[in-house]
Structures are given as structure tokens and as C-alpha cells.
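Comments concern the structure below.
The analysis underlying the following values was restricted to heavy atoms, covering all of them including side chains, and did not include hydrogens, waters or symmetry mates. In what follows, chains are A, B, ... by sequence order, proteins preceding strands, each numbered from 1. Small disclaimer: the values here were computed from a predicted structure and weren't measured.
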Number of protein chains: 2
Amino acid sequence: MSENKQPTIYDVSERAGVSLATVSRVVNNNGKVKEETRRKVLKAIKELNYRPNAMAKGLASSKTTMVGMMVPDLTDLYFAELAQGIDAVAKIYNYSVSLSVSDNNPTAGKEAFETLMSQHVDGIVYIGNQTSQEMFDLLKSSPVPVVFAGSVAQDGKLPSVNIDYVQAFQQAGNILKQHLSDTQIALVDNPGESGLSALRQQGFLKAVSKGKIYESEDDYRSGYNLAHHLLEDGIKGVIVGEDEPAIGILNYMLDNHVQVPNDFQIISSNDTKLVKMTRPAVSSVTQPKFDIGAVSMRLLTKLMSGDPVDDPTVILPHEFVLKDTTL
Amino acid sequence: MSENKQPTIYDVSERAGVSLATVSRVVNNNGKVKEETRRKVLKAIKELNYRPNAMAKGLASSKTTMVGMMVPDLTDLYFAELAQGIDAVAKIYNYSVSLSVSDNNPTAGKEAFETLMSQHVDGIVYIGNQTSQEMFDLLKSSPVPVVFAGSVAQDGKLPSVNIDYVQAFQQAGNILKQHLSDTQIALVDNPGESGLSALRQQGFLKAVSKGKIYESEDDYRSGYNLAHHLLEDGIKGVIVGEDEPAIGILNYMLDNHVQVPNDFQIISSNDTKLVKMTRPAVSSVTQPKFDIGAVSMRLLTKLMSGDPVDDPTVILPHEFVLKDTTL
DNA sequence: TTGTAAGCGTTATCAG
DNA sequence: CTGATAACGCTTACAA
């Protein structure tokens, strides 16, 4: 015995004794409507529990109030926190979010993008540490605005929100240099194909000119497995691009009775909640991850509505939390 | 100098020299189309780089091939892994996913639901540990199918995918009983308003009839702060409903020189990647989280297409990984 | 096997 | 301030 159908704008107009156009006006709060009619319409809407059909609206207005969010992996807490920030601001601006997990896989990424296009999203927030050139070109060809959140566009000229990686990694290098010599310090990062790790390297080398650079994936195992090489090479301190491999390295040290931080220091970079859950707790660059997501989405709203944007390349402040893996 | 507009089905039909209907038929692969015409149409589609407009399609067919995914918190790895499973299967079946973070907040949850309704999603995968009665009623009133993923519907009769929590927690209790007496064993869980913690309690009490039960939130701090009470009460082993508070408890013990597992044992329940990152690594029930998500989504596809479903209440197998917080 | 045409629920452009 | 009415791009009987 449930309602046969969702009520339409037509039902509302009939009940309120006005035209479709008028209902549309009050729903969208645009155009002048006499206070009395507005009230009538609102009443009918409430009584019928009317809810505008987003598809019809989208079709007619060619605006979907939906944004695409592309993310490589939700189980990476760094991305998850960005996503929370994005979602929160999307809610505020009444955008719904179409999620696409791209798996750092160019094919999946391309398909995700295509899907978003056929959904006619009004904009895209792109998160990705491994952006391929192909993906990048695709994004560049987007008919709707794209913002890179916590990710660097290769030519650095697309809208993006980040911290100053160069400075952060230079500072991190300087911290380790307080007790170690250049040759004892290394950077561990996933080079990927994005510009992000290039910036990190740049900053690192600014501080530690003779520093060694190791490659790792973004996962725990990868760090764990890399660790013995570090020891063999006489490395005494590392700066790691992601928290999971940082913890992998830490645990290798603990499992092999290397004293942290006395004999080995670690600075990580993402400050996800992971870093406070280990013992010793991991020292890290702190990033305003939620804010990076939030600001990205806010930037996107501006871009979507054609508002002027002073600088589409936003840099948010970072800090350091020196816990127990540094001296 | 870019294309003025996205090509429409009309452009394709014109170029291929056939009618709209025919193009629609080949695009949707339904109805008979002569091989030759099909080829022509496909050619035109490719040349024009035509992409069906999801909104128009949805409007006309009242199917959106979009599902809603409601999740309380993406930075909870348990949820994130479920979400990955959901997303993966959604991709396979060509559904797009509309994400809604509900923040365990009834108001936000209600709004999220309303948004999904106006988007006319074809179905909903609901993730939530704190489902309020109100939310539950709302979900029950949904005109489209809803599947509870890793969450228990209060009356236990709505479609859901879970492990057997009663059994799992009974087994966990038995494990601790090998070295401890009933009064030394406790359950730490977030009771919330959902049926899930009730099942856990039930299983726990089956094994540890005099066991004490403590309440905590789902976060690290909450566990850390609770820990001293456990010690004061002479508790020597706990089963914890979530990984983060479990690790909170662990770290409190470590920080206060309580020997784990010798003087205090911990079994957690979600087996997120967190549990292998601590030292000692946390023993835990292992849940097939990705699969819970995947099966939920698969179940939803069946429900959405009206396929017969043998049993809408799916139980997936769990196991135990006894690491270093148990004897 | 293919084409015609009537919707689907809105918005938006004109008149009034 | 309000009302007709033509799109929006596609699906789906119904014809042919």
C-alpha cells in the first residue's frame, strides 16, 4: 500500500494550484515569487514529501550538482582523510559525490573518468600519487574543472592543493642532519610517475646534498623488505614518503633489535593516525589532510561556478611532530 | 576550438544513417539489429566518441545504474576495506557509486539518504555500526533495495552480509579462557544502537559467562583512556570490538610497562592492516572485509534486478590470527 | 529489422 | 509575479 510513485513537480503544482514554473522557482529559490504563493507551494511540497528528481534537473539544466572523486585506494589513510575533507565540503555546497577507486591503474582510471563524463559531473577532485601521463592528458582534456588534491599536476599549472613538499623535505633533512652526516641519511619514496616525489627529492637534496635515495612502494611490506638494505648501506636515518613503509622500516628495526631512534631515525611524511599507534611513535611531517581535501573541494566549487580564483595552486601550511623515532 | 557539445544519440543516428531507436538498441545491446547496421552504428559511435548521457538514460528508463554507498567514516580501515569491495563489484556490474559519509550522525544520515533518493539510485549498500532506530526505519522505507554490509539490521531480517559474530566472539572468549578465569576476561565494545554489538556480547557471554563488559568508542584514544580501569579491575585479557581501541589499550599497557601478552592479553576483531603494524602485533579475529563488501554489492545487484535470492542474510567465514598479544 | 513518436521530470524562454 | 511551452537526451511501445 505504498505510494505508487514519487510525486513530481507536476503533482505539487496541481496541489498548490500554480504552474510548474512557479514551483520550480520556489524550489530553486530563483525569480520573484509572491510570499503567499511561495507558502502555498512549500506547503504542498511538504504534504506530498516532494523531492526534485536530480536526473531531470540535470538534464534540463545541464548541471548535476555532482562531482567526481577519483582516488587510488581508500585503505590508504592519507587518501581517506583527504576524501573525508572533500566529502564534508561537498555536503556543505550540496554536491553529491560520485566515487571512483582507480587502483593506480591507468585502465581503471580511464574508465573511471569515462564514467564520470557520462554522468556529467560538474567537476572532479582527483587524488593520485601515481598519475600516468595518459591519465594526466585525459584529465587535462576534461570539459569540467579538475582539482588535484594532495597530488601534483605534472606541469604544476593545473589547480591543486598541497603542502610545500620541497620545504617540508628540506626541513626534514635538516632535522636528521643534526645528528647524522649526509651519507648516513636517505630518502625512501615511491617515485611513481607524478611530480610529487620529484618535489620531495628536490627538498631532500637541498638539505642533504649527498643523500641516497631508495625506491619503495606505498605499503608496509615494501618498507619492511627494504630495511635491511638501508642497514647494509650504513644508513642511520631515513625520511619516508608514506607512513606505511615508514612503519615497515620501523618494525624491521625493532624486530632486529636495532635501537630506534638511537641507532636509526625515521621521519615519515603523512601523519596519518598510524604514526601515533606504533611504539615508538613515528616522527612525521604533519599535513592538514582534511583541509587539503576540503580546500580542494571548495576551490572546485569556485571553478565550477566560474568565480574568479586568485591562484589555483594552493599551498597549505605543514608542521612537524617529532615523536619517538627521532633524537 | 573544442567540440561545442557532447555528441548525442541523435548525432550518431544521423551519421550512421539510422534512427534513434536503432542506435539505442545497439548501445544497450537489446533487440535485434542486423549485423551490418550494428557495425555502421558502432563506427559512428567511435568516430564521434559518443558517450550516452547517464541522466537522460536514467530519466527515460527510470534506472540509473548508480548505487548509494553510505559509510560512517572513511578513515576507519574496516569501513574502507568494505568500501573497496563494494566499489570493485560495482565496477564489474557497471554501477557507479554515489558516496555518502554519514558520520554516525542521524541527521547527516537522513540527509544522505534523501540525497540518494533524489538521485534515484537503484539500490543502497549501507555500512554503519551506530545505526539509530530512525535511520533504520528510513532504510526500511526505501523504495529500492538496501543491503547492510558488515552491519546488522536490528530485526536481523533485512539483507545483510556479515561474519558469525556470536561464534567468533565465543571462540575468542575460549581462547582467553585457556589461561585466564572468567573474572579476568572482559569484552570492550561500542554498544551503539545497532544489533552488532549485541551479537558480540552474546557470543562473549556464551564462553565467558561471568565476563565483564566495558564500553568504548571506536577510536584509539578511547581505548587508551579505558585501559587503566581494566587494570584496576584485575582484568588480564580483553576482546575488543574494533582495532583502534584495541591498539589504544595495547599502547597503554606498553607505556605503563605491563607485559603483553604475559600479564595482559588482547584479541581484536577487525584485522585491519593496523594489527600487523604494532609491536607486539595484535591477535585478532580475521574478517573477509573486502569480500563482505563485494558480496554485499553482488547481493544488491541481484535484488535490484529482481533475481531470486536464496537467503538474504549471508554469513561469511571468519578465522583467527593469533599474533603476539595472546599467549 | 527498423522507424516514429510519446513520454521521463525538470529548467528556461517567452509572453502575459 | 505567473503561466505556457519548448527543450534536455534517451527509452520504449507501437507501427511499418
**Report entry** Minimum-distance nucleotide to B:Y50 side chain [options: C:dC8, D:dC10, D:dG3]
**Finding:** D:dC10

Query - A:M304 vs A:V121 side-chain heavy atoms within contact, under 4.5 Å - result: no

Query raised in the report: C:dT10 C1' sits how many Å from A:N30 CG, rounded?
Result: 12 Å

Query raised in the report: Less than 4.5 Å apart, any side-chain heavy atom of A:M70 and any of A:L116?
Result: yes

Query raised in the report: Rounded to whole angstrom units, what separation is found between the CG atom of B:D122 and the P atom of C:dC8?
Result: 18 Å

Query raised in the report: What is the distance, rounded to the nearest whole Å, between atom NZ of B:K32 and atom P of C:dG3?
Result: 17 Å

Query raised in the report: Counting only side-chain N and O atoms of A:Y10, is one of them less than 4.0 Å from OP1 or OP2 of C:dT11?
Result: no

**Report entry** Salt-bridge contact B:R38-B:E35 (side-chain N to carboxylate O under 4.0 Å)
**Finding:** yes

Query raised in the report: If you look at every strand shown and take non-hydrogen atoms under 4.0 Å, does B:R38 touch a base, only sugar-phosphate, or nothing?
Result: nothing

Query - Residue A:A60, side-chain atoms from C-beta onward, closest of D:dT12, D:dC10, C:dT10 - result: C:dT10

Report task. Report the distance from atom CE of A:M55 to atom P of C:dT10, rounded to the nearest whole Å. Result -> 10 Å

**Report entry** B:T37, nearest nucleotide to its side chain (from C:dT10, C:dT2, D:dG9)
**Finding:** C:dT2

Query raised in the report: Heavy atoms under 4.0 Å, any strand shown: does B:V23 hit a base, just sugar-phosphate, or nothing?
Result: nothing

**Report entry** Value in whole Å for how far the P atom of C:dT1 lies from CZ of B:R39
**Finding:** 14 Å

Query raised in the report: Hey, does B:H120 have a side-chain heavy atom less than 4.5 Å from the side chain of A:Q6?
Result: yes

Query - Protein-nucleotide distance (B:L20, atom CG; D:dT11, atom P), rounded to Å - result: 10 Å

Query raised in the report: Checking all strands, does A:V18 fall into the base, sugar-phosphate, or nothing category for heavy-atom contacts under 4.0 angstrom?
Result: sugar-phosphate

Report task. Look at the side-chain N and O atoms of A:N28 and state whether any lies under 4.0 Å from the OP1 or OP2 oxygen of C:dT11. Result -> yes

Query - C:dT11 phosphate, OP1 or OP2, under 4.0 Å from A:S24 side-chain N/O - result: yes

Query raised in the report: Heavy atoms under 4.0 Å, any strand shown: does A:S62 hit a base, just sugar-phosphate, or nothing?
Result: nothing

Query raised in the report: With respect to the phosphate group of C:dC8, does any side-chain polar atom (N or O) of B:S61 fall under 4.0 Å of OP1 or OP2?
Result: no

Requested in this report: Report yes if at least one side-chain N or O of B:T22 is closer than 4.0 Å to OP1 or OP2 of C:dG3; otherwise report no.
Outcome: yes

Report summary line: Closest of D:dC1, C:dA12, D:dT12 to the B:A21 side chain is D:dT12

Query raised in the report: Roughly how many Å is it from CG in A:L59 to C1' in D:dA6, rounded to a whole number?
Result: 14 Å

Report summary line: When rounded to whole Å, the CD to C1' distance for the pair B:E14 and C:dG3 reads 15 Å

Query raised in the report: Any donor-acceptor pair under 3.5 Å joining the side chain of B:R25 to the base of C:dG3?
Result: yes

Report task. Determine whether the side chains of A:N129 and A:N190 contain a donor N or O and an acceptor N or O closer than 3.5 Å. Result -> no

Requested in this report: Go through the side-chain N and O atoms of B:Q119 and A:S96 and say whether any donor and acceptor fall under 3.5 Å apart.
Outcome: yes

